[in-house]
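Reviewing the structure listed below.
Lettering follows sequence order; numbering is per chain, from 1. Excluded from the calculations below are hydrogen atoms, water molecules and symmetry mates; all remaining heavy atoms, backbone and side chain alike, are included.
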Protein chains: 2
Amino acid sequence: MPRLATAEVLDRTEFAAAVERLFGLLRRLTPAQDVSLTGVSTLANLERGGPRRLTELASREGVTQPGMTQLVSRLERDGLARRTADPSDGRVVVVEVTDAGRELLRQRRLVRATRLTELLATLPAEDEAAIAAALPALRRLASLLPPG
Amino acid sequence: MPRLATAEVLDRTEFAAAVERLFGLLRRLTPAQDVSLTGVSTLANLERGGPRRLTELASREGVTQPGMTQLVSRLERDGLARRTADPSDGRVVVVEVTDAGRELLRQRRLVRATRLTELLATLPAEDEAAIAAALPALRRLASLLPPG
DNA sequence: TATTGTTATACTCTATAACTATA
DNA sequence: TATAGTTATAGAGTATAACAATA
């Protein structure tokens, strides 16, 4: 007999359906207002990993290099990020998040955390416990892709 | 003593951080290709709940009425949705998903399910089990908002 | 010559304001 | 007059192609 396959532990279709709904929830929980979703994701990336080259950001966010040039220009115009030169290579542009950028991330997270908490409070205690128990696993799952 | 508060069961900040990463994963797992994220969400909504009025769709998706008019026009142009008249009220437009729309949803779900399964397979079995155990709770959580 | 980034251009998406049609 | 939807217009966001600068 083959070992227990993934499909037997976790039904793929069920999981995908739940994920679809969950994605919809999250999307409406933190709508893009002043900054696009990619913009927010890029700022979070910079906050987590420190300054990065423009090309690297483009690759991580799954946008083209010209796309990232333009996104960074908008972020810079809004004071959320900043371009820096690389002393060792004149072609390179290094991008970093500003204090205003960090503050924007903080505000968005606060809003989302508050709303999620409100929603969770309406669920049965067992549901909340199950989600809490799965949190470390979900975090590890989330960290599997490139690193967004 | 007050009853056990949410904050004690599930740390808000931790949860929000995990959700941020998870959202990034999901976003890159199913990028918008032929149809926008709102377009896909609208089609899924129509598939799940049946035909709906244009205004109701706009409200559910969190876009303006003109925005939904234009989205439905694009979906209709691509053969994914269809406008119908309401016999009892000449002002009303009822929107429904077409077979091609359903097929597009099926394909997207298949891709996402496959990729998620691949990612899950790289996690420890306990993580997979914890996520599977939390699935019903996550589904109930996802169904709390309007209904996306 | 290859790599890094920008500029030029076009198309999709979505918003606000003004409009049309039905109730 | 209020409601349902569309049209007009503008701006954000992102892609491909062509370009400039540095290695």
Side-chain angles (χ1 to χ4, degrees), chain A residues 24 27-28 30-46 51-96 101 104 108 148, chain B residues 24 27-28 30-46 51-96 101 104 108 148:
Chain A
R27 203 164 63 92
R28 278 171 304 156
T30 53
Q33 296 176 162
D34 304 327
V35 186
S36 68
L37 286 184
T38 307
V40 173
S41 176
T42 300
L43 289 176
N45 204 319
L46 291 172
R52 289 192 200 282
R53 295 164 53 146
L54 198 137
T55 306
E56 194 184 350
L57 284 176
S59 148
R60 280 170 189 271
E61 296 298 333
V63 301
T64 61
Q65 201 179 63
M68 188 49 74
T69 287
Q70 294 167 65
L71 172 55
V72 168
S73 295
R74 284 192 301 273
L75 293 175
E76 203 164 33
R77 179 201 62 194
D78 297 339
L80 304 171
R82 177 191 308 127
R83 278 181 172 87
T84 313
D86 181 339
S88 71
D89 187 337
R91 297 169 303 180
V92 168
V93 165
V94 175
V95 184
E96 58 188 32
L104 179 131
R108 279 183 65 93
Chain B
R27 203 163 63 91
R28 278 171 305 157
T30 52
Q33 296 175 162
D34 304 326
V35 186
S36 67
L37 287 184
T38 308
V40 173
S41 176
T42 300
L43 290 176
N45 204 318
L46 291 171
R52 291 192 200 281
R53 296 163 55 144
L54 198 136
T55 304
E56 195 184 349
L57 284 177
S59 147
R60 280 170 189 272
E61 297 297 334
V63 301
T64 61
Q65 199 178 64
M68 187 49 73
T69 287
Q70 295 168 65
L71 172 55
V72 167
S73 295
R74 284 192 300 272
L75 293 175
E76 202 165 33
R77 178 202 63 194
D78 298 339
L80 304 171
R82 178 190 307 127
R83 278 182 172 87
T84 313
D86 180 337
S88 71
D89 189 336
R91 298 169 302 180
V92 169
V93 165
V94 175
V95 185
E96 58 189 31
L104 179 131
R108 277 183 66 93

Sequence-distant partners of D86(A), side chain to side chain contact (heavy atoms under 4.5 Å, CB included), two or more places apart:
S88(A), D89(A), V92(A), V94(A)
Residue set satisfying salt bridge (Lys or Arg N to Asp or Glu O under 4.0 Å) with R108(B), at least two apart, ordered chain then number -> none
Looking only at heavy atoms, the pair that brings L43(A) and L80(A) closest together is CD2-O, 3.6 Å
Whole Å only: how far is the CG atom of L71(A) from the P atom of dG5(C)?
14 Å
Whole-Å distance between dT7(C) P and L54(A) CG?
12 Å
Over how many whole Å does the gap from D86(A) atom CG to dT3(C) atom C1' extend?
13 Å
For a quick check, with a 4.0 angstrom heavy-atom cut-off, what is the B/S/- contact string for nucleotides 16-23 of chain D, read 5' to 3'?
BB----BS
Return the 5'-most residue of the pair V63(A), R53(B) with respect to DNA chain D, ranking by each residue's nearest nucleotide.
R53(B)
Give the rounded distance in Å between these two atoms: CD of E56(A) and P of dG5(C).
10 Å
Does S73(B) reach a base, just sugar-phosphate, or nothing at all? Heavy atoms under 4.0 Å.
nothing
Test of understanding: with side chain to side chain contact (heavy atoms under 4.5 Å, CB included), list the residues that count as partners of R82(A), not counting sequence neighbours.
E96(A), T98(A)
Is the shortest side-chain N/O distance from R74(B) to OP1 or OP2 of dT12(C) below 4.0 Å?
no
Side-chain N or O of T69(A) less than 4.0 angstrom from OP1 or OP2 on dT6(C)?
yes
Tell me, which of residues 76-85 of chain A have any heavy atom that sits under 4.0 Å from an atom in DNA chain D?
none
Return each pair, listed once, that meets salt bridge (charged side-chain N to carboxylate O under 4.0 Å, His left out) where at least one residue sits in residues 63-74 of chain A; pairs must be two or more places apart or across chains.
none
Not counting sequence neighbours, which residues clear salt bridge (Lys or Arg N to Asp or Glu O under 4.0 Å) with E76(A)? List them please.
R83(A)
Kindly indicate whether the side chain of L57(B), heavy atoms from C-beta on, has any atom under 4.5 Å from the side chain of L46(B).
yes
Suppose we screen for side chain to side chain contact (heavy atoms under 4.5 Å, CB included). Which residues come up paired with Q65(B), at least two apart in sequence or across chains?
L54(B), T55(B)
Counting side-chain heavy atoms from CB outward, which of dG5(D), dT4(C), dC13(C) is closest to S36(B)?
dC13(C)
Check side chain to side chain contact (heavy atoms under 4.5 Å, CB included) between A44(A) and all other residues, then give those that pass, not counting sequence neighbours.
R48(A), L105(A), R109(A), E20(B)
